[in-house]
Amino acid sequence: MAEVIADLEGKSIILGLTGGIAAYKSAFLARRLQEHGARVQVVMTAAAEQFITATTMQALTGNPVYTSQWDTRVPSAMAHIDLSRGADAILVVPASADFMAKLARGAADDLLSTLCLARDCPLLVAPAMNKQMWGHPATQRNANQLRADGVVLLGPTSGDQACGEVGAGRMIEPDEVLEELVAFFQPKLLRDQRVLLTAGPTFEPIDPVRGLTNRSSGKMGYALARAAHEAGARVTLVSGPTALAVPRGVNRIDVETAQQMFDAVMATVLHAQIFIGVAAVADWRIREPSAQKIKKGRGSPSPVFEFVENPDILATVAALSNPPFCVGFAAETHDLDAQAQAKRHTKRVPLLVGNLAQDAIGADSSELIVYDEEGRITLGPADKLTLARKLIAEIAQRISS
Ligand SMILES: Cc1cc2nc3c(=O)[nH]c(=O)nc-3n(C[C@H](O)[C@H](O)[C@H](O)COP(=O)(O)O)c2cc1C
């Protein structure tokens with residue numbers, strides 16, 4: 001059975017709602033937080049109640065919703081103190097311009113603002129407002145003040161706004177808030193390290209409409225990019241064609257062929273302290289792809305292609321005069337131990353991660369065998385994000401020693 005770890009298991013989150021159109025999205029967020037293991041306690045401003053009811057939030061969380069500092073349901077009658085004690089974080093989603101202004105000047109004239117001022121846990125806020133409100137010097141001043149005060153701002157982003165305008169100030173989506181919160185709680189094992197990864201398959205053209213590729217989904221590489229970002233690294237992901245969404249905070253460079261992947265890696269690798277080659281790179285390409293679609297014709301011979309070898313990205317990076325810490329991946333169908341150890345030696349990398357292609361490729365969970373000069377250890381079976389976090393911990397431990 002693959003091990004599945006709920007990202008927010010045991011975490012107690014105060015979810016604050018303020019008066020903005022995006023308040024309806026917090027209903028979905030409340031569900032998602034709980035699906036990931038968190039206990040959610042909702043606190044709403046009076047304006048938030050104009051947009052979504054406390055009943056909805058109570059029904060979704062299974063906990064009474066607090067809206068007033070004069071609420072006598074809290075035994076001490078001091079909801080502004082009691083609610084935040086024991087909380088792992090306060091998450092204000094959406095955060096109105098007005099509420100940000102209150103936070104910036106330390107106002108405490110309702111339950112949520114008083115709770116934020118009296119807290120002894122981290123505060124994360126997701127601004128949501130019209131573009132003029134967000135761009136106003138006062139709001140920008142307040143946002144900078146909040147950052148300086150250690151408040152974590154999640155977004156905002158740009159896009160369509162409820163008022164019909166398009167611009168900056170749109171709240172990030174609930175799943176993005178969730179991803180940011182999960183990342184916030186991960187240990188910062190690679191703080192400020194620069195990590196370069198490759199992921200996905202490559203695609204070698206035969207003609208303008210056909211090509212050679214492989215079954216790699218990119219899931220393991222993308223999970224590692226996310227885990228490295230969660231661990232505090234600055235991450236660049238050179239990706240072959242996949243349908244996956246880029247993890248938040250990760251800089252993705254899209255490529256198609258092995259040569260393009262090689263060029264993109266070589267252009268950025270000098271800045272990297274860690275290189276993780278997860279991509280399933282084509283070993284060969286067709287020497288001269290046809291400029292036109294190859295047609296079949298009655299009686300015409302089947303095409304014959306001449307192959308040339310692609311550059312070896314991992315071996316080239318490992319052979320640099322001052323190489324980053326290099327981690328290679330090997331997906332093999334048989335003799336995994338022997339093949340992976342041989343690959344580690346020929347490519348001269350300190351860490352080689354092996355998995356069985358038939359189990360791993362395209363799957364959501366897998367098992368990784370990590371080979372180094374001391375031998376082998378097994379990670380998993382687990383879902384790929386859990387495996388990625390474990391592997392990042394292995395890498396961080398080796399770098400620090
Ligand atoms: C229909 C409507 C939509 C609003 N949407 C937003 C919004 O998206 N963001 C925002 O900052 N303010 C918005 N406001 C204004 C806030 O609701 C108002 O500033 C309120 O005082 C905020 O109170 P609070 O910060 O205590 O929740 C909106 C007001 C109305 C009437």
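In this text, all values refer to a predicted model and were calculated from it rather than measured experimentally. Values reported hereafter were calculated over all heavy atoms of this structure, with side chains retained and with hydrogens, waters and symmetry mates removed. Atoms within each ligand, like the ligands themselves, are counted from 1 in listed order.
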With atoms numbered from 1 as shown, which atoms in ligand 1 lie under 4.0 angstrom from a non-hydrogen atom of [X]?
X	answer
M133	10 (C), 11 (O), 12 (N)
F99	25 (O)
T18	27 (O)

Any chance [atom1] of [X] has more than 12 other-residue heavy atoms, nucleotides or ligands included, within less than 6.0 Å?
X	atom1	result
R73	CZ	yes
R191	CZ	no
R31	CZ	no

Could you tell me whether [X] and [Y] have a side-chain N and a carboxylate O separated by less than 4.0 Å?
X	Y	result
R287	E306	yes
K390	E394	no
D364	K384	no
D110	K102	yes

For this session: Using heavy-atom distances, let me know which of G20, A47, P127 sits nearest atom 7 (C) of ligand 1.
Result: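 Looking at heavy atoms only, G20 sits closest to atom 7 (C) of ligand 1.
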Problem set entry | Partners meeting salt bridge (charged side-chain N to carboxylate O under 4.0 Å, His left out) with K11 (sequence neighbours left out) | none
Exercise. Do protein heavy atoms approach atom 31 (C) of ligand 1 to less than 4.0 Å?
Worked result: no
Quick test: of every protein heavy atom, which one is nearest to [atom], and how far off is it to 0.1 Å?
atom	result
atom 24 (P) of ligand 1	D98 OD2, 3.4 Å
atom 2 (C) of ligand 1	F51 CZ, 3.6 Å
atom 9 (N) of ligand 1	A128 O, 2.8 Å
atom 11 (O) of ligand 1	A97 N, 2.7 Å
atom 14 (N) of ligand 1	G19 O, 3.6 Å

Contact partition for [X] relative to ligand 1, non-hydrogen atoms under 4.0 Å:
X	result
Q50	neither
P94	neither
T45	side chain

Exercise. Given Y222 and S239, is the side-chain contact (heavy atoms from CB on, under 4.5 Å) satisfied, shown in steps?
Worked result: CA-CA 9 Å; Y222 276 59; S239 174; 2.7 Å; yes
Geometry only, no angles: is [X] polar-contacting ligand 1 at N/O separations under 3.5 Å?
X	answer
N130	no
A48	no
D110	no
A95	no

Exercise. E180: what forms a side-chain hydrogen bond (donor to acceptor under 3.5 Å, both in side chains) with it, not counting sequence neighbours?
Worked result: R248
For this session: Step by step, work out the side-chain contact (heavy atoms from CB on, under 4.5 Å) result for Q292 and D207.
Result: CA-CA 6 Å; Q292 293 181 329; D207 68 16; over 6 Å; no
Problem set entry | A22 touching ligand 1 at heavy-atom level, < 4.0 angstrom |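 The answer is no: ligand 1 sits nowhere under 4.0 Å from a heavy atom of A22.
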